[in-house]
Every structure is written in C-alpha cells, then in structure tokens.
Amino acid sequence: MMKPYLLLAFVSFSYAFPTSSWDQLSHRLMETRMKRDIHGRQDPVAVVTGLTQIPDADHPFMAPGPTDQRGPCPGLNVLANHGYLPRSGIVTQADIVSGVSEGFNMAPDLAGFLSLVSIAYDGDLVTGKFSIGGPDSRTSLLGALQNILGVEGGLDYHAGIEGDASATRDDAYFGDDHTMIPELYAQMKSIAANYGGLYTLEAMKDLQQLRHQQSVQTNPTFYFVPLASALDIGAKAFITVFFTNGTYGDGGVPNEESISSFFGAQLLPNGSYQFVPERFPDNWYRRGTPFTLLDGIGQILDFYSTRDIPFGGNAGAVNTFEPLDIPALTNVNGMACFIRDAIQANVPSSVSQPIQVVEQVISSVVSVVDPLFENFGCPAFNASETQAYAAINELQNGS
C-alpha cells in the first residue's frame, strides 16, 4: 500500500532505417553469427592507453573479516575489499568521495550526493557515518542506543535508499535484499548475451524492465518510488559506466570477465554461479573521464523514458501495480528536480525524535542538497502537492 508521506514527496520533478539499411545490418549480423559459430566469440580488446590501472600496489585484495560490513552495492564492497574505503565498511562522506574517485573516477558532485543521502537515510546524521552493510553501533554517536534518533540500518535497510527490482539482489519481501543471488546474476548474463555478451547500457535497460516486471508479478509489496527507485535505475547504469574495463563508449569493454568479478560471481563447472568476495578484475583500468551528477541523472532519465518502468507500487497483492500520477519527466532538469524534492521531503522521516541537535543536522543536510541541484533550475521546495505539480509542469514546458 502506498505511503501517504512518500506520495507527497513526488514533487517538482526508433531510430528509423531504410529497408536497405536493415538488409545490410541483417546480413552483417548473420556473418558475425556464422564466424562465432566457427571460431567462437571473441571479446573486443579494451582500449586502455593513458588510463589508470586499478588496483595499485597499495590496495591489495583482502576478503572481509567477521565484523566487516558488506552490503547491496557491489562497487562499495569492492572498494572496501581493496582498502579504497575503510575495510570495516563503516564510512564517512569524505571516505566515499575519496574512494569512489580513486577507484572508479566518479566525480565529487555525484559522490557527495550519494554519500549524503546514504547518511541521511541509513546512517547517523550527527556523526556523519553509515554502514555499507547492515546496522552497526560503530556508526552512531549513541552506540547501542543508536535507534533512539531513528533507524540506522545501513545500506541493507529497505526503504531507505535500498529498493526493489535490484539487478542481482532479491526484493526485501523475500527476506534478503543484500546478498548476491547467483540465479539473478545468471539472468543478467543471459540478457548481456543478446548484446554479444557485453553488459551495455541497452542490456541494462532490458534488465531494469525485466526486474520491474518480475517484482510486479511476484512481490505484493513491490514499491518503486524515488528516492530508492531512481537510485536503483542509476545503479543499473553504473554497472556499465563504472565496471567496464576502460571508458564505456570510448573503447571500453563491459565483458563478463570484468563484470563477474565486481559481483563476486564465480562460474562453476556445471554452469551455475556461486558467490565469492567481490574484487577488481585483473588487468583492469578505470574510466578516463569523471562521471558527474548530471551524467547520472541523464542516465536515469534515459532508462526511464525508453523502457516501461513507471514509478508506483503494488496494492498489497501481486499484479496490482498502481502507477503514480505524475507529469511526464521529459528532460534532465525535470528528473533532477523530481529527485531533489523527494530527498527534501523525506529526510526528516528518517529521524524519530525532533531533538534540537537533530533538527539542526537535518537543516544542514537540506542546505547541502540545494547547491548540488542549483544548475537544474529547480523551483523552491514546497511540500504542497498542488504547487509541486504546477512547478514541474512549468519546468517541463520550459517556462
């Protein structure tokens, strides 16, 4: 069932070929298939000249220990397993910004945004710490009494920024929303097979649509609303833009060898997979250009506008999906403001007691969010649904 306070949060936010071209394309594809049948498929060679090889000698792989936190984000797990993040899995915003920049060349604005919402939704607003896995007293100013100021569930916590329809994790309804499911990894691989075995953005769009459909059909509590749903879409794009060996779109290769290592998917002799701790692949090079907040929001919009993945949720039973009645999101500014206002409206809900110090921290979080989105032309935040719809309509119409 929809949560009223979250509904209030959704505010201001073929190519055609001539027949001859299709014939030529079909002929080339047939030739390619024949060659692969004869010689076996050969992955393209990644262009990595001038790029930085990761990991370096100062960041060797170490499997996590019994008290180290790991969770639903394979990229953060990899960084922690190599020491680009604290190996404990207890991190600050500064840790994240530094680690994802060094390991993946994520731009500071995107890294700052993602770490900020992680702290606000799943961490401790006072200490500025959160767990990349489950709840942990090491994040909290109050230690074992941490939940007196709200749930500090870490990234494992459902309905914070962890959401349904993940690439390789089950929905929370089925019990475990943070462990890699080998069958779901194999499903993702089967989709990549339709694109020559490469985990392209188009393949990830297909995966997003399939996982959305599967959740509608199997999860009576399926809930696909920002902020978690927007980040879930972005995470599918991240598979391609960050895990590719080299720079995707500029000679990088998102092949099985690279992607499986990031997900900890080890192929067994019988063709199935088992989970092993995530690590950087051998001979792997990070992207050469920083991936920014604008890039990320653009990818979310691209996924949302080119596949059937509406925001909404099931109404307590499978196949009862109710889409949110929101204006069409047709440009990056509109999507950016939609996401920003979801954050603004929901940050206070993560805190259960209106203690003065916590109110001050919430205010500071909100004040940090606004500058990150100042170049998107967002109207001033207002929790009035009527005014919100009017504002987003104005933005979409370019007024």
Counting only N and O atoms by type, is there a donor-acceptor contact under 3.5 Å from the side chain of [X] to the main-chain atoms of [Y]?
X      : Y      : value
Thr200 : Ala203 : yes
Asn314 : Thr320 : yes
Asn333 : Phe376 : yes
Asp109 : Leu293 : yes
Ser88  : Ile90  : yes
Thr139 : Lys129 : no
Gln69  : Gly134 : yes
Thr244 : Thr240 : yes
Asp136 : Arg138 : yes
Gln274 : Gln266 : no

List the steps and the verdict of side chain to side chain contact (heavy atoms under 4.5 Å, CB included) for Arg169 and Glu162.
CA-CA 10 Å; Arg169 271 66 172 170; Glu162 187 285 322; 5.5 Å; no

Same apolar cluster: [X] and [Y], side chain cutoff 4.5 Å:
X      : Y      : value
Tyr285 : Val100 : no
Val241 : Leu51  : no
Tyr223 : Leu210 : yes
Met180 : Tyr173 : no
Leu207 : Ile181 : no

Quick one: do the Gln209 and Asp308 side chains pair a donor with an acceptor below 3.5 Å?
no

For the residue pair Asp171 and Ser215, confirm or rule out a side-chain donor-acceptor distance under 3.5 Å.
yes

Apply side chain to side chain contact (heavy atoms under 4.5 Å, CB included) to Asn194 and Asp206, showing your working.
CA-CA 10 Å; Asn194 297 329; Asp206 289 353; 5.6 Å; no

Mind checking whether [X] and [Y] have side chains closer than 4.5 Å, heavy atoms only?
X      : Y      : result
Leu110 : Thr292 : no
Leu155 : His178 : no
Phe224 : Asp232 : yes
Met106 : Val97  : no
Ile96  : Leu76  : yes
Glu102 : His59  : yes
Phe238 : Phe243 : no
Val318 : Gln217 : no

Taking the six-membered ring for Trp, is the centroid-to-centroid distance between [X] and [Y] below 6.0 Å?
X      : Y      : answer
Tyr185 : Phe275 : no
Phe311 : His212 : no
Tyr199 : Tyr248 : no
Phe291 : Phe242 : yes

Can you tell me how far the [atom1] atom of [X] sits from the [atom2] atom of [Y], to the nearest 0.5 Å?
X      : Y      : atom1 : atom2 : value
Ile132 : Cys73  : CD1   : SG    : 8.0 Å
Asn219 : Asn319 : CG    : CG    : 11.0 Å
Ile239 : Ile259 : CD1   : CD1   : 7.0 Å
Ser258 : Asp282 : OG    : CG    : 10.0 Å
Ile300 : Asp295 : CD1   : CG    : 11.5 Å
Ile119 : Thr127 : CD1   : OG1   : 8.0 Å

A cation-pi test, strictly: NZ or CZ of Arg279 under 6.0 Å from the centre of the six-membered ring of Phe61 and no more than 45 degrees from its axis. Yes or no?
yes

Stepwise, does the side chain to side chain contact (heavy atoms under 4.5 Å, CB included) test hold for Asn283 with Gln53?
CA-CA 7 Å; Asn283 301 312; Gln53 187 171 5; 4.0 Å; yes

Specify the closest pair of heavy atoms between [X] and [Y], including all atoms of both residues, with the distance to one decimal.
X      : Y      : answer
Arg287 : Pro290 : NE-C, 4.3 Å
Ala165 : Phe222 : CB-CE1, 4.2 Å
Ala237 : Gln299 : CB-CB, 3.9 Å
Gly288 : Thr247 : N-OG1, 2.6 Å
Val332 : Leu294 : CG1-CD1, 3.6 Å
Phe263 : Pro74  : CE2-CG, 3.7 Å

Would Tyr273 and Lys189 satisfy side chain to side chain donor-acceptor pair (under 3.5 Å), going step by step from the backbone distance to the final call?
CA-CA 11 Å; Tyr273 285 90; Lys189 180 182 178 181; 2.9 Å; yes

Assess whether atom CZ of Phe321 is packed by more than 12 heavy atoms of other residues, nucleotides or ligands within 6.0 Å.
yes

For Glu202, is the CD atom crowded, meaning more than 12 foreign heavy atoms sit under 6.0 Å from it?
yes

Sidechain N-carboxylate O distance under 4.0 Å for [X], [Y]:
X      : Y      : result
Glu374 : Arg340 : no
Arg211 : Asp164 : no
Asp302 : Lys205 : yes

Run Phe280 and Phe262 through ring-ring contact (aromatic ring centres under 6.0 Å, His included) and show every step you take.
CA-CA 6 Å; Phe280 281 107; Phe262 281 107; 5.6 Å; yes

For the pair Phe373 and Ile297, evaluate side chain to side chain contact (heavy atoms under 4.5 Å, CB included) and give the outcome as yes or no after the intermediate values.
CA-CA 11 Å; Phe373 290 82; Ile297 293 173; 3.9 Å; yes

Please walk me through it: do Tyr84 and Asp95 pass side chain to side chain donor-acceptor pair (under 3.5 Å)?
CA-CA 8 Å; Tyr84 286 98; Asp95 292 331; over 6 Å; no

Please determine whether ring-ring contact (aromatic ring centres under 6.0 Å, His included) holds for the pair Tyr157 and Tyr121, giving the CA-CA distance in whole Å, both sets of side-chain angles, and the decisive distance to 0.1 Å.
CA-CA 9 Å; Tyr157 180 64; Tyr121 280 70; 9.8 Å; no

